[in-house]
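Take a look at the structure set out below.
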Amino acid sequence: MESPTFLGYPRARGAAGVRNHLLVLSVAGLTGPSARRVARALPGARLVTMPFGGGLLGDDYAQHLRALAGFACNPNVGAVLLIGSDPPKVDKLTETIRAHGTPVAAICLDDCEHDALTLSDRAIRAGARLLRAMSRQRREPVALSQLFVGLECGRSDPSSGMVANPLIGKVTDLMVARGASAVFGETLEWLGAEHLLARRAATPAVREALVQAVLRREQLAARQGVDLLGNNPGPTNIAAGLSTIEEKSLGAIAKSGSSAIMGVLQYAQAPPAPGLYAMDASAYSPESLSGFVAAGAQLLLFSTGVGNSYVSALAPTIKLSANPAAANRLGEQLDFDASAVFRGAASLDDAARDLLATVIDIASGTLTWGEILDEGDEVVSRLGEAL
Amino acid sequence: MSTPATGRPAAGGDAPASVAGDALVLHPRDNVATALRALEVDQSVFLLGVAAVGATVLREPIALCHKFALRDIAAGEPIIKYGESIGRATRAIRAGEHVHVHNLVSARGR
């Protein structure tokens with residue numbers, strides 16, 4: 001079989017981008033509104049604002065910094081316009097981004113007489129220069145092995161676990177076999193299926209990490225007296241026919257296919273080598289997707305049962321459903337219709353071949369519905385209280 | 001190259017084509033099946049999948065993607081789907097009855 005390629009943007013370091021975004025990144029809450037004004041003035045720019053930033057502690061602060069650097073160094077980002085209030089944090093991040101080889105301009109409120117309008121003026125001018133330079137970049141054929149794909153499901157129904165997730169699993173296996181990388185998260189949705197994941201762990205340490213991560217989430221719910229019913233599965237899942245977390249998990253883990261699990265990543269942590277990884281993270285899609293994107297994923301495969309419009313701002317998010325009613329209803333949301341498999345009119349293998357072709361098409365520049373309709377955002381998990 | 005059977009949703013929303021079966025059994029150990037379309041009470045459903053269980057008569061209507069029992073299940077017995085336990089029956093469930101949150105409870109997170 002010939003080695004498949006996609007048309008990507010080669011980067012100074014690391015994998016190629018499937019997009020070439022100018023990222024307007026506000027590193028803390030204080031400059032969020034200004035960054036919004038700046039991004040509005042720079043058509044095509046992607047805005048990510050961190051609503052928090054001051055007084056963060058320990059692991060929470062480490063995760064916050066990891067996510068900021070991760071977004072800035074994602075291969076889909078062609079240049080970064082950093083906006084912040086305090087020079088030390090902005091300077092350190094600027095250094096990290098520069099070392100990665102991504103063009104960056106940084107504007108700090110402290111250097112703008114503490115005036116949001118002065119900051120906006122300087123940032124818009126700097127952003128315009130970055131956009132101009134970025135527009136010279138061209139797509140080139142790139143090996144599929146450079147892809148790193150995040151795997152997600154949201155507003156699932158039983159068709160997700162029976163068809164859409166196994167389909168994602170098959171495509172994941174095809175990509176991993178060709179040297180690409182993939183990550184799945186949503187730790188709580190391993191509950192009741194962790195013994196199946198554990199069997200696929202590459203080492204005993206990975207097996208232990210998988211099991212401990214899910215037990216920790218289970219204890220978190222039990223200690224707080226939270227009944228998972230109504231929470232996960234949520235009301236939409238239950239109405240659609242999912243009855244317990246075990247049922248949802250057994251369907252959810254099918255996204256990961258059958259490849260060996262090489263490691264358990266922290267939230268927003270980049271994988272150390274190619275292959276399939278698990279990420280210990282919240283099961284809530286906005287947080288989960290951002291964890292993958294900050295870890296370096298350029299593309300996301302997102303299954304839904306009844307429909308889910310949410311996508312990442314930085315990584316094209318391929319939406320698919322196998323629910324025939326949803327497929328009929330959501331023509332401008334679903335990028336891939338897997339309902340033929342549910343209806344028995346197509347095999348999973350044929351659908352996997354078609355979905356892989358869609359992955360390559362979207363990686364090469366075809367827009368997703370989520371990109372066209374601008375449904376994207378980035379939301380970073382918090383771990384604790386700030387000072 | 002033939003037209004792909006799957007791919008982009010058709011514009012306009014054609015009605016789904018005929019279903020090859022009424023419900024799907026995912027694993028030989030399963031004691032529930034999943035409805036592939038809305039099913040009616042007293043209907044004798046044609047089961048697809050790995051289990052050679054033939055037809056089951058439904059005791060109540062089953063919505064798309066919801067589950068029903070393939071055989072009588074005792075209170076406390078595990079409900080099996082994908083060949084794995086998805087929780088326990090909270091009361092006796094007869095073959096053909098709807099299996100959901102009213103008679104099935106998770107064994108986890110408590």
Looking only at A:Q219, A:H195, A:R217, most heavy-atom pairs under 4.5 Å shared with chain B are made by A:H195
Less than 4.5 Å to any heavy atom of chain A: does that hold for the side chain of B:K67, its backbone, both, or neither? side chain
Under 6.0 Å from the CZ atom of A:R155, do we count more than 12 heavy atoms belonging to anything else shown? no
Please tell me if the side chains of A:N323 and B:L64 come closer than 4.5 Å, counting only heavy atoms from C-beta onward. yes
For a quick test of reading the model, state the closest non-hydrogen atom pair linking B:T34 to A:P158 and the distance between them. CG2-CB, 4.2 Å
Expected output: side-chain A:E247 to main-chain B:I86 donor-acceptor under 3.5 Å: no
Side chain from CB out, backbone as N, CA, C, O: work out which of these in A:L188 comes under 4.5 Å of a heavy atom of chain B, or both, or neither. neither
Residues of residues 95-108 of chain B near chain A, each having a heavy atom less than 4.5 Å away: B:V99, B:H100, B:V101, B:L104, B:V105, B:S106, B:A107, B:R108
Option that, when pairs with chain B are counted at under 4.5 Å, heavy atom only, ranks first among A:L215, A:L242, A:L220, A:L228: A:L242
Closest heavy-atom pair and its distance - A:L250, B:K81: CD1-O, 4.0 Å
Interface moiety of B:L24 toward chain A, non-hydrogen atoms closer than 4.5 Å: side chain
Just do the side chain to side chain contact (heavy atoms under 4.5 Å, CB included) check on B:R37 and A:R343 with the steps written out, would you? CA-CA 9 Å; B:R37 55 191 176 82; A:R343 288 187 278 107; over 6 Å; no
Rounded distance (nearest 0.5 Å) linking atom OH of B:Y82 with atom CD1 of A:I253: 9.5 Å
Is chain B contacted by the side chain of A:L229, its backbone, both, or neither, given a heavy-atom distance below 4.5 Å? side chain
Between CD on residue A:E246 and CD1 on residue B:I80, distance to nearest 0.5 Å: 10.5 Å
Partners of A:A322 by side chain to side chain contact (heavy atoms under 4.5 Å, CB included), sequence neighbours excluded? A:S159, A:V163, A:A164, A:A338, A:F342
Does B:E40, at its CD atom, have more than 12 non-hydrogen atoms belonging to other residues, nucleotides or ligands within less than 6.0 Å? no
Measure distances from A:L320 to the heavy atoms of chain B and classify the residue's part below 4.5 Å as side chain, backbone, both or neither. neither
